[in-house]
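Below: one structure, written as C-alpha cells.
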Amino acid sequence: FTYFNGKPRWNRPSPVTLTYAFSPGNLIDYINMSEMRAVFKRSFSRWALVIPVTFYESEDYYSADIRIGFYRGDHGDGEPFDGVLGVLAHAFSPENGRFHLDAAETWAIDFNQVKSKAAVDLESVATHEIGHVLGLAHTSVKEAVMYPSLSPRTKKVDLKIDDVEGVQALYGSNPNFKFSSLLESENSSNNG
Amino acid sequence: RIVTDPSTVITVDTRNSTWHDFTRFLDAGMGSQVRGMSELKQYFQRFGYLPIPETNFTDTFDDQLESAVTMYQTKLGLPVTGKLDSDTISTIMSPRCGVSDTNHTLKTTKH
C-alpha cells in the first residue's frame with residue numbers, strides 16, 4: 001500500500017464520522033437510485049468494517065463530506081474523462097471529498113443483466129475510490145482493491161490484507177475487526 | 001445448448017479510443033522509432049512516470065521512456081524488464097483509475 005504525499009487523512013476526533021451524498025444533477029439514468037444507494041452503502045461498509053470510521057448518506061450534497069457524481073469529459077477539475085474505458089473514475093485525497101465516475105462507462109451492478117463487453121462493475125470501482133477518499137494511493141499488489149486497473153466484467157470488492165493494513169495505519173483498527181476473518185477469507189478464495 | 005437472446009447482442013467496442021492501439025509498441029526497444037510513441041509517453045506522464053514539464057514528446061524509445069517503463073513495471077507488480085513486453089502493454093491498455101500512480105496529482109485541499 002501507499003499513501004498520498006503528506007499522508008493526509010480525515011483529521012477528526014475518533015470515531016470519525018463522514019457523510020456522503022450523490023450529486024442531484026450528475027447521475028446516470030439506467031441505474032435506479034435505490035440500487036445505487038445499496039451499492040455505495042455496501043462499498044462504504046467494507047471500509048467501515050476494518051476502521052473506526054462510520055459513513056452516513058446525506059440528502060444535502062453541498063454540505064456532505066464525500067460528494068459523488070457521474071461526469072463526462074472535461075468536468076472542471078482539471079482531470080477530464082476520456083470516454084468508454086480508459087480512465088473509469090477518480091477521487092481526491094482527504095479532506096477534499098470529491099468522488100467522480102466517468103458517465104461514459106457502461107456501469108453494471110449485475111453482469112447477468114448487462115451484457116456489454118465493456119461493462120464495468122460499479123461496486124468494485126466505488127470500493128477502490130473510497131480507498132482514495134480515505135487516503136490510500138495505489139498499490140502494486142494485483143489482488144488488492146487499491147491496484148489501479150480493473151478489467152471490464154470483473155468484480156473485485158473484497159478488501160485484501162494490503163488494503164486493510166494500509167487504511168488501519170491511517171485510522172487504527174475497528175475494535176470489532178479480526179484479521180483472522182480476512183485471512184480465512186483470502187485462503188478460501190485462493191484455494192477456491 | 002444455450003441460445004443467445006437477440007437483445008443481448010454485444011455492440012460496444014471494448015477498446016479505449018486513446019489506448020487501444022498501443023499494441024503496436026509491443027517489443028519496441030531502446031532506440032526504436034514507432035509512429036505515435038509520443039502518445040505512450042503522454043500516458044506515462046499522465047500517470048506520474050514522466051516529468052510534467054515535458055510537452056513535445058518524440059516517437060523515439062529513449063532513456064527517459066525506458067526509465068518510465070521500468071518504474072511502471074515496478075509500481076504495478078510486473079516483471080521488471082524495461083521493455084514493452086506483452087504483460088506491460090496489456091496492463092497499460094487496461095481500464096484504470098485516473099489517480100496518478102506516483103505524483104498523486106488529485107490532492108487538492110478542501111475548499
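Values below: every heavy atom of this structure, side chains too, minus hydrogens, waters and symmetry copies. In what follows, chains are A, B, ... by sequence order, proteins preceding strands, each numbered from 1.
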Practice task
For residues E79(A) and G98(B), report the shortest heavy-atom separation together with the two atoms involved.
Solution key: OE1-O, 4.5 Å
Handout entry: Gap between atom CE of M93(B) and atom CG of L85(A) - 0.5 Å precision
Key = 10.5 Å
Problem - Close side-chain approach of L76(B) and S140(A), heavy atoms under 4.5 Å - result: no
Practice task
Answer yes or no: are there more than 12 heavy-atom neighbours, outside Y56(A) itself, under 6.0 Å from its atom OH?
Solution key: no
Exercise for the section: Take atom NZ of K155(A) as the centre, draw a 6.0 Å sphere, and report whether it contains more than 12 heavy atoms from other residues, nucleotides or ligands. Expected result: yes
Handout entry: Under 4.5 Å from a heavy atom of chain B, the part of E129(A) involved
Key = side chain
Practice task
Determine, using the 4.5 Å side-chain heavy-atom cutoff (strictly less than), whether I68(A) and V157(A) are members of one ILVMFWY cluster.
Solution key: no
Completion exercise
Separation between NZ (K142(A)) and OG1 (T91(B)), nearest 0.5 Å, reads 6.0 Å
Exercise for the section: Flag yes if more than 12 heavy atoms outside Y62(A) fall under 6.0 Å of its OH atom; otherwise flag no. Expected result: no
Problem - Residue pair L88(A) / C97(B), side-chain heavy-atom distance below 4.5 Å - result: no
Practice task
Would you mind reporting whether V99(B) and H128(A) have side-chain heavy atoms less than 4.5 Å apart?
Solution key: no
Practice task
Answer with yes or no whether the hydrophobic clustering places L27(A) together with V120(A); edges join I, L, V, M, F, W, Y residues whose side-chain heavy atoms lie under 4.5 Å apart.
Solution key: yes
Practice task
Decide yes or no on side-chain contact (heavy atoms from CB on, under 4.5 Å) for K75(B) and T2(A), but give the supporting numbers first.
Solution key: CA-CA 10 Å; K75(B) 284 290 291 184; T2(A) 62; 4.0 Å; yes
Exercise for the section: Give every residue pair that meets the salt bridge (Lys or Arg N to Asp or Glu O under 4.0 Å) criterion with at least one member in residues 41-57 of chain A, sequence neighbours excluded. Expected result: R37(A)-E57(A), R42(A)-E123(A), R46(A)-E123(A)
Exercise for the section: Find out whether P95(B) and S149(A) are in side-chain contact, i.e. whether some heavy atom of one side chain is under 4.5 Å from a heavy atom of the other. Expected result: no
Problem - In one Ile/Leu/Val/Met/Phe/Trp/Tyr side-chain cluster, 4.5 Å: V167(A), F177(A) - result: yes
Handout entry: Value rounded to 0.5 Å, distance of CG in L150(A) from CZ in R96(B)
Key = 12.0 Å
Handout entry: Separation between OH of Y147(A) and OG of S94(B), rounded to the nearest 0.5 Å
Key = 8.0 Å
Exercise for the section: Hey, could you give me each pair passing ring pair (Phe, Tyr, Trp, His ring centres under 6.0 Å) that has a residue in residues 152-173 of chain A? Not counting sequence neighbours. Expected result: none
